Each structure stands twice: as structure tokens, then as C-alpha cells.
Number of protein chains: 2
Amino acid sequence: MATIQDVARDAGVSTATVSRVFSAPELVLETTRNKVMEAVNRLGYEPNFAAKSLRTLRTEKILVTVPDISNPFFSQVIRGVEEAALAAGYSVLLGDTRHEETREEQYAAMFRRKEADGLIFLGHRLPDVLAEMVAAKGPRTPIVNGCEFRPGLAVSSAHIDNERAAAEAVEYLYTLGHTRVGAVTGPLASPISSDRLNGVLAAAQRHGRASALRIAIGDFSIESGVRQAGELLDEPGRPTAIFCFSDEMAMGALEAIRQRGLRCPEDVSLVGFDDIRFAQYLHPQLTTVRQPKEQIGHEVVRLLLDILADRTSTLQNVTLPHQLVVRSSTAPPSA
Amino acid sequence: MATIQDVARDAGVSTATVSRVFSAPELVLETTRNKVMEAVNRLGYEPNFAAKSLRTLRTEKILVTVPDISNPFFSQVIRGVEEAALAAGYSVLLGDTRHEETREEQYAAMFRRKEADGLIFLGHRLPDVLAEMVAAKGPRTPIVNGCEFRPGLAVSSAHIDNERAAAEAVEYLYTLGHTRVGAVTGPLASPISSDRLNGVLAAAQRHGRASALRIAIGDFSIESGVRQAGELLDEPGRPTAIFCFSDEMAMGALEAIRQRGLRCPEDVSLVGFDDIRFAQYLHPQLTTVRQPKEQIGHEVVRLLLDILADRTSTLQNVTLPHQLVVRSSTAPPSA
DNA sequence: GTTATCGATGATTTCGATTACATCGGAGCG
DNA sequence: CGCTCCGATGTAATCGAAATCATCGATAAC
């Protein structure tokens, strides 16, 4: 592959001029610019990325770590990230951490090695090396959290108001007339789950139904939905409505309901969370809390670009709007 | 961030020695090695990636382009890619092309700029610049195709036998007793669709049902499934079984069936393709052709690594096993 | 007419690591 | 005792582009 030297020689100019043709074309005379471009085309020259990166200390890459890429919720968020990043001239380095700390640390090291200009993490943990980095550099550290929000991490973030969203979902069930409500949470270590649980508890209390509330702890997967919703359904005083903290778990719950010969929504109402693309094609169509997935992706990139461009020096924790989407998996309890 | 010079000075050795501690530790005396490692820890040194990359001309990155990351089929394949890549010390640069040629070309340019050592593309198109590259360098070009297989591209690939898989799916419907079968394909520009269609046609002919076969062209999306399956169902002489070239379209078809007050499988049997994670949680559970998604990801990485390590000099087109998974969306036609 | 100014371009250093080659002291051998 | 060889380490060239500073001719200003 041709280098900038080859082009310079071929065009009869210096390497500085060739470089300028790319990075500051207005500084070079049109005639020389053309000479250079001819040479570029003739030799099929492409600037070597590593060399450029070494000199400028920039990679034009954003590392995005995600707990599970095969989860449609995350893949939609990533789509938004990818889109916004590309529009700003950045490309996306993908890290699927599979919820494993080891992998999170591998990617953290990659970031420390400066293989990316910024890091977006969609999980709830920040490896120690990065926490140190944040402690040292403060809010100028190019690390942003998406979907989750844990104040202690001291990084900017974009997410919905999980507590309120969950509260609204449960409120809706109570206003439909349900009294015995069950909830299937995600792992409580993540704020995304504990915040939602707080919302659920608060709503139950407001309606004086706290004692009839049943909680089961899942892990966001379909299978855990089948299992945990199943346990709720098998308890005496079966709930007439179940709220799952993810649409995937709601899919599992639907399966559990069917396995027991029950019907949704006639016997059990069901509410999910996320509004993944498939939610409206389930049968019955799933009532769920919509998260603005691509928008979260865009926002998180915007926050990161602000830091990278030094346009901001304070933390920003952006709350994006959610929406309860009522479909046909919810109904008043049958008499 | 500390550089190798800082470490060398701090440890009282030369930069060469520091470098060797990382890349060939057995060449340096244990006592010096310890001295160096102490300095490394003291200064928090991490080798600068761009510098290393410039010197070695390697990036340890694989660029993966995919038509749509939010598609669960692709995201599972990517998961396999990511896993195999990470195990081999490579990381994944993700490119979501959204089926757009412009984006495919952007990523092609990125590859030419040597931002990645290899390219895996999961679509069916290869941008011109890359085709030229393949023509020039032959089978040693580090470009591999996944999921699709187009002989003319002259790149190695990993995929299933789409023609046979589709034929088997349709055969199964015929042996159940169906005579009027409909198929919803993807865009015929991609081999993945045309191969499957060939399989469908061949099976129909073998069973003497070619004239009763109905074809509708979709685009793999749920919405196109609703639309195209709907059209098939509205024709006179409604098919009693529909084969969709993706599970997502099958989800759409299920919706179309319900919209018309029909039942699956009693009135219409349904077969999908891919066996995405959600297929078995639909109602009825979806009969479908399973593709070994993660395995395709692994295989495609293996092929690429073989090229990168110069272990191979011939094209390899690997056919992986598929499997018809019979669930409850298919049944004999009702009398 | 001399000098300050400016636009266009060139010469050269720099980024941070890798690596071929050089060096040096000690062991082994005749 | 002198020479070779080898293991351990140092010296310095190198990768390819960016950016600083220097240069040069021409124009403008006084």
C-alpha cells in the first residue's frame, strides 16, 4: 500500500502538502491540490490509520460494552449508538461482556490502552481501573453510562426514570381493579432493577396493596420469566396481574400462564418492560413500558462527544421519556 | 499516561528491554523482569496501541459488517464472532450497514485504511474496492463471508445449505398432506433467498405441486411477513401452509392469520427459518429451520484467522448443518 | 526603495513502540 | 591463554502521518 511519501514523490511535492490536502485543503493551491489528488488516485493511497492515530492521539473509535448483544433491547440501543457515532465520524468497537466481570475488565484494559477515545457502557458495573480513572480525571473522563444510572459512579448517563415508569405500570394495574399483583424483577444488584422495584413498592403502598404484592427475582431472560412467573402463579392467592421487568421475561410469563391452562388477559394480566420490536406481535399483544431505545443510544453518544470536544465540564444525567403502551395483555380482573 | 521511555528510565534499563518483558519475557533475566514490572505498576504503564500497531502493521481487530444488528438472527451470529475473536486475542469492530450500500462502502474504506486486520461481512454484497482487492490478492485476502454464499465473490464463507434446508421444510409440509403451499421469500437479490426459493421450487416439483405453489416476496421483516402472508391468505384457493424465509416474517404471518380469524395450525400451518430465541416461545410454538448461528460466527472467525496466520491459501466454503425443528405451528391440513 | 506581511510550500521533528544489529562479559574449549 | 559462542542488554533505525517552524517570492505599506 502506498504511503504519503510515495504520493509526495509522485506528485512532486512534500509530504506536508499531501497531508494538508486531506486535513486542511483550503491551505493548498487548487492546482497543487489536483496534482496531489491525481497521484493519490494513481497510487490508490489511503492514509494509514495507525500512523495518524499515533500522531494525533485519537482513534475515532468508541468502545461500547453491553451485557448481552443478543438481547433485542440492547441491540436497538446499540443501533442508535452506531448511527450517532457514524454521523460524527466515529466507529463502534463492540464488547459483549455476557454479564461477566472478567470480560468487562478485558475491555476496560483495552480502553486504557487507548484503543478507543471514549467508552459507553450499558451495564451497571464499572471496573476498578476505570473507576480510578474517573476519580483522577473527574467529569472530563470520556466514559458514559447508558440505560442504567448509579449516582456513585460519577459518570454522565442517559436513561429513563425507571422508578416512575415501574410505578406507573403498577398503578395502571391497580386502576384496572387488580388487587393481587406480582412482579418479576431482574437481578437486584443493578439499579435498573432496584429502582423499578422501589417504584413498584411505592405504588403498592399508595394503593394499600403492599401486603398483597408478591415479588420474584429473575434475570431478564425468557427462561427466568417462565420460572419466576410460574412460581408466582403457583402460590396460594394467585396474582391476577404480573409485571415483568423485561419483555423477554413477559414472554416467559406468557408461556407459564399457558402451561397452567390459564388465559391472558382473562385470568392473568401481563405487563412487560422495554417494548422490544416483538412485543406487539405476541399473542396477546403485550402491554409494556416503552423505553426510547435508539434515543438512549443517540443521547449517550452526544454526552460522550461533548466530553471529547471539551464542551462540558460537569456531569450530566439525562432522563429520557418513557411511555406505558397499553395493548391487549391487560384487562380488568374477571369477577 | 506513562510511555515505554518513562518505564525504561524508572527501571534503569533500555526501552528494548521493557518491550521484551511484554513480548518475549523469556529473553530477559528474572531479576530485570521484576525491576521492569515494578516500574510498570508504579507508573501505571499500558503500551500505546497506535504505536504498536504502526510498528507491527497489525491492529488485532476484526471488522464485522451486518445488515441489521437489531435482528436476533444476526445478533446471535455476532455473538459467536465476538466470542471466537476475543478468544484469539482480537476485538470486534461493528458495522451496521442497514442494508445500505453507502454504509457498506464507508466500512470498506475503513478496512482499506487498515483499521482492521480482517473483514467479515454477513450481507451478500461486496463493495467494489474490496472486490478489486480480492481480485488482486486472491484467496489470501482477509475477507470472509458469513451466512451467505455467492460463488462469484471468490471469498471463503461459512453458511448452511440453504437450498436443501428450504426443500426439507417444504417436503415436510407435503408429507403432512398439504397440497397448497405458500412461501414468503426475502429479497431475491441475495443468494440466501434465491437458494431457498430454488429448494422450494424443486420440492414442489418433486411432489407435483408446482402449480399450486404461491410465492410472495418479503424483506425478512415482521411487517413484510404480515403483508405478504396476508396476500397469500387472501388469494382464492388459500394455502393451507406457509413457509417464511425468516422467523420474523413468520411472526408477521401469525399475525396475518389471526387478523383473518384463522387459526394456526388448524387452518394454516406455518414454518419459519433461523430458529431465533423467540421462536419456541411464540404461540403456537414455531416450527422452523434451525441455523447454527453461533457456530457460523465461530467458523467464520476460524476461516479468517487461517488467512491471517497464512495457514491456508485456498478458498474454503464451509457448509454447516441445519435442522428442521418441528414444533406446534404445523399439523396435517384439516379435512 | 526598504521592510513588514502573507500565502504557499518545504524541511524536520515528533508521536511510542518494535526490532535488527551491536556490545559486553563470562563460560567453554583447544 | 586466546578465541569463539552465547546470553543479556543497549543503541538506533523504523513504521507513516501530523504539525511546527522555516523559507521564499510577491505584494502592500510607508
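Worth saying up front: this structure is predicted, and the values here are computed from it rather than measured. Chain A is the first sequence line, chain B the second, and so forth, proteins listed ahead of strands; every chain is numbered from 1.
Atom CG in B:Leu130 sits 7.0 Å away from atom CZ in B:Phe111 (nearest 0.5 Å). Interatomic distance, CD1 of B:Ile307 versus CG of B:Asp117, reported as 12.5 Å (0.5 Å rounding). Atom CD1 of B:Ile296 is separated from atom CD of B:Gln76 by 11.0 Å, given to the nearest 0.5 angstrom. Summarising the geometry, atom OG belonging to A:Ser53 is positioned 9.5 Å from atom CG belonging to A:Asn48; distances are rounded to the nearest 0.5 Å.
Residues A:His159 and A:Glu148 fail the side-chain proximity criterion, which asks for heavy atoms closer than 4.5 Å. Looking only at side-chain heavy atoms (C-beta outward), A:Ser157 and A:Phe149 come within less than 4.5 Å of each other.
A salt bridge does not link A:Asp68 to A:Arg98: none of the charged side-chain nitrogens sits closer than 4.0 Å to a carboxylate oxygen. The pair A:Glu82-B:Arg103 counts as a salt bridge, with a side-chain nitrogen and a carboxylate oxygen less than 4.0 angstrom apart. Comment: A:Arg302 engages A:Glu299 in a salt bridge, judged by a side-chain N to carboxylate O separation of less than 4.0 angstrom.
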Once base and sugar-phosphate atoms are separated, protein heavy atoms under 4.0 Å mark nucleotides 22-28 of chain D, 5' to 3', with B, S and - as -------
Heavy-atom contacts, protein to nucleotides 10-18 of chain D, under 4.0 Å, summarised as B (base), S (sugar-phosphate only) or - (none) per nt, yield BBBBBBBBB
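A nucleotide of DNA chain C counts as in contact with chain A when one of its atoms lies under 4.0 Å from a heavy atom; the first and last such, 5' to 3', are C:dA8 to C:dG16.
The cationic atom of B:Lys61 (NZ for Lys, CZ for Arg) lies less than 6.0 Å from the six-membered ring centre of B:Phe49 and within 45° of the ring axis.
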